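This report concerns only the one structure given below.
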Amino acid sequence: MRAGHRTLWAVSESRDESTAPGAATGTKADDGDQARNGHRATRPRERARMTRRGWTVVTSGVLIVAFGLIGAFVQVPYVAIGPGPTYDTLGQVNGVPVVEIDGQQTYPTAGELRMTTVSLNDEISLFGALGLWVSGRYALAPREEYFRPGESDEQVQQENVQQFQDSQSNAEVAALRHLGFPVKVLAQTIVDNTPASRVLAAGDRLLSVNGRAITNEDDVTAALADTTPGQTVPITFQHGTEPPRTEQITLAANPDPSKKQGFMGLQPIDRADVPFDVKISLQDVGGPSAGLMFALAIVDRLTPGEMVAGEHVAGTGEITEKGQVGAIGGISFKVVAAREAGATVFLTPEANCAEASAAAPDGLKLVKVSDLDSALSALDALKAGQPTPSC
């Protein structure tokens, strides 16, 4: 475009030279006026022709703005995982006890039994994801690892709530069983179009199957071990507060070809059989990993003495009705959250020890547990100043 600029000035100069030598005009303009007049005549054309550098600047600006809008507002298919809030299961949240027992004598407690959580954010932009990752407190993972294709946020939340409720029930059964309280066996789920579905309803209490008394869920499987498809067996059950009754059930073939015994079509589950209520109140928390800490809090409230003797103990672990403690996810973030909340001891599922050890901050002692009994023994040793199993 510089050549064009020079051409414009050349036209101006030739016009000046043609009028200068003796032309019969009035007042003679000086060279400065001619130059200014020529500049005014050519400026609109000059502005209409943008340089290559100008186009580059404009294009770059548009791209930068577009990238900024995309980075700020377009969500990426990742979730951010980081340390979540912690809750003292011996304490209160918003003035409400986390674990409350009505109708049974309870005992004072001291110290903390703190359950830990992981925060998960699935609505993040590109810039938001980068910012969380750079902070060092969060990790990014593909969204499909936490949300199945086609699954809505409401469905995921519903599943998490159900897992959390199951963990509370399992914790209650495990704790009360440890303390010697009786349990009952319920029909948790009934498979449609099976022998059980013609007689039983979900929630019915199972008293005996094929002549065997049912005192725990394993008894149901044992009662059917020697049966065959087509065999008729008696089942005694109780629906709600109705009197117990006995019905005859003709067993079907098992859907699993490797199992030859008769098939009834129900899933039994153990539940506490006590005349008092155990209530766990905690909002906006999902998943199964708080079971161990709930069970410990129930045991502590129902037994004299102080389980943790004023110590700040945190932990995690999914628990079964029989008290086994299983591995959980996100423990590298949970140990960080526990230490930031003031915990000095962390009860760690045995299967999570390696991951927890790699992430544990200074000042946090990891205690390895495999079931409720081992966790209680470790806390007794800790209180007595004795060695504890460590990761």
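Remember, predicted model here, so these are calculated numbers, not experimental data. Note that the numbering runs from 1 along the sequence shown for the chain.
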Q. Should V369 and L376 be regarded as members of a common hydrophobic cluster, given that ILVMFWY residues are connected when their side-chain heavy atoms come within less than 4.5 Å of each other, either directly or indirectly?
A. yes
Q. Can you tell if the side chain of L200 reaches within under 4.5 Å of the side chain of I235, non-hydrogen atoms only?
A. yes
(Q) Return the CD to CZ distance between E247 and F237, rounded to the nearest 0.5 Å. (A) 5.0 Å
Q) Would one find more than 12 heavy atoms of other residues, nucleotides or ligands at under 6.0 Å from atom CD of Q386? A) yes
Q) So which heavy atom on G95 is nearest to which on P97, and how close? A) O-CD, 4.0 Å
Q: Go through the structure and list residues passing salt bridge (Lys or Arg N to Asp or Glu O under 4.0 Å) with E159, not counting sequence neighbours.
A: R148
**Q.** Atom pair OG1/CG of T106 and L302 - distance to nearest 0.5 Å
**A.** 7.5 Å
(Q) I'd like to check E318 versus S167 (side-chain heavy atoms, cut-off strictly below 4.5 Å). Are they in contact? (A) no
Q.
Please report the interatomic distance CD1(I280) to CD1(I101), rounded to the nearest 0.5 Å.
A. 9.0 Å
(Q) Ignoring hydrogens, what is the shortest heavy-atom contact between A314 and A343? Give both atom names and the distance. (A) CB-CB, 3.7 Å
Q: Compare all side-chain heavy atoms of D273 with those of R205 and state whether any distance is below 4.5 angstrom.
A: yes
**Q.** Spacing of CD1 belonging to I269 relative to CG belonging to D166, to within rounding of 0.5 Å
**A.** 6.5 Å
Q. So with a 6.0 Å cut-off around CG of D226, is the heavy-atom count from everything else above 12?
A. no
Q | Verdict with supporting geometry, E311 and K365, salt bridge (charged side-chain N to carboxylate O under 4.0 Å, His left out) | A | CA-CA 12 Å; E311 292 283 344; K365 177 183 177 66; over 6 Å; no
Q: Show the numbers, then the answer: is there a side chain to side chain contact (heavy atoms under 4.5 Å, CB included) between L224 and V209?
A: CA-CA 8 Å; L224 298 175; V209 174; 4.0 Å; yes
Q: Identify whether V285 and L347 are in the same connected component of the hydrophobic contact network (ILVMFWY, side-chain heavy atoms under 4.5 Å).
A: yes
Q) What's the spacing between F333 CZ and S119 OG if we round to 0.5 Å? A) 8.5 Å
Q: Assess whether salt bridge (charged side-chain N to carboxylate O under 4.0 Å, His left out) is satisfied between K279 and D102, documenting all intermediate values.
A: CA-CA 8 Å; K279 183 179 180 181; D102 294 325; over 6 Å; no
(Q) Just to verify, what does D218 make a salt bridge (Lys or Arg N to Asp or Glu O under 4.0 Å) with, not counting sequence neighbours? (A) K322
Q: State, to 0.1 Å, how close L364 and R339 come at their nearest heavy-atom pair, and which atoms those are.
A: CB-CD, 3.9 Å
Q.
Can you give me the closest heavy-atom contact between V96 and S281, atom names plus distance?
A. CG1-CB, 3.9 Å
Q) Do P85 and T117 come within less than 4.5 Å of each other through their side chains, counting heavy atoms only? A) yes
Q. Are V93 and V278 connected in the hydrophobic side-chain network, where two residues link if heavy atoms are under 4.5 Å apart?
A. yes
Q: Of all the heavy-atom pairs spanning A201 and A187, show the shortest one and how long it is.
A: O-CB, 4.1 Å
Q: Decide yes or no for I319 and L372: does some side-chain heavy atom of the first lie under 4.5 Å from some side-chain heavy atom of the second?
A: yes
Q: Not counting sequence neighbours, list each pair that qualifies as a disulfide bond (SG atoms under 2.5 Å apart) and has a residue in residues 218-249.
A: none
Q | Heavy-atom closest pair, residues D256 and S258 | A | OD1-OG, 2.8 Å
Q. Is it the case that T86 and T116 place a side-chain donor and acceptor less than 3.5 Å from each other?
A. no
(Q) For a side chain to side chain contact (heavy atoms under 4.5 Å, CB included) check, start with the C-alpha distance between C353 and L366, then their side-chain angles and the critical distance, and finish with the verdict. (A) CA-CA 8 Å; C353 265; L366 300 183; over 6 Å; no
Q. Yes or no on side chain to side chain contact (heavy atoms under 4.5 Å, CB included) for L206 and L266, after CA distance, side-chain angles and deciding distance?
A. CA-CA 11 Å; L206 305 178; L266 66 82; 3.9 Å; yes
Q) What residues, two or more places apart in sequence or in another chain, satisfy side-chain hydrogen bond (donor to acceptor under 3.5 Å, both in side chains) together with T236? A) S208, T246
Q: Check whether any side-chain heavy atom of V183 lies under 4.5 Å from a side-chain heavy atom of L176, and answer yes or no.
A: no
Q: Go through K383 and L379 one step at a time and tell me if the side chain to side chain contact (heavy atoms under 4.5 Å, CB included) criterion holds.
A: CA-CA 6 Å; K383 184 168 59 174; L379 291 175; over 6 Å; no
Q.
Quick one: does any side-chain atom of T388 pair with a main-chain N or O of A381 as donor and acceptor, under 3.5 Å?
A. no
(Q) Just so I know, are the side chains of N210 and P234 near enough to count as touching, which here means a heavy-atom distance under 4.5 Å? (A) yes
Q | Inter- and intrachain pairs under ring pair (Phe, Tyr, Trp, His ring centres under 6.0 Å), touching residues 262-304, at least two apart | A | F164-F294, F181-F276
Q. Is the closest side-chain donor-acceptor distance between T320 and Q324 under 3.5 Å?
A. yes
Q.
Any donor-acceptor pair under 3.5 Å linking the side-chain atoms of D371 with those of S374?
A. yes
Q: Can you spot which of T316, L282, V98, L292 makes a side-chain contact (heavy atoms from CB on, under 4.5 Å) with M115?
A: L282
Q. Do Q261 side-chain atoms and A225 backbone N/O form a donor-acceptor pair below 3.5 Å?
A. no
Q: To the nearest 0.5 angstrom, please state how far the CD1 atom of I298 sits from the CG atom of L113.
A: 11.5 Å
Q.
Between T194 and M264, is there a side-chain heavy-atom distance shorter than 4.5 Å?
A. no
Q: Is it possible for you to say whether V99 and Y87 belong to one hydrophobic cluster, with membership spreading through side-chain heavy-atom contacts below 4.5 Å?
A: yes
Q. Is it true that M293 and L382 fall in one hydrophobic cluster, defined by side-chain heavy atoms closer than 4.5 Å?
A. yes
Q: Would you please say whether a donor-acceptor pair under 3.5 Å links the side chains of N352 and T348?
A: no
Q | Selection residues 288-310 - residue pairs positive for side-chain hydrogen bond (donor to acceptor under 3.5 Å, both in side chains), sequence neighbours left out | A | S289-K334
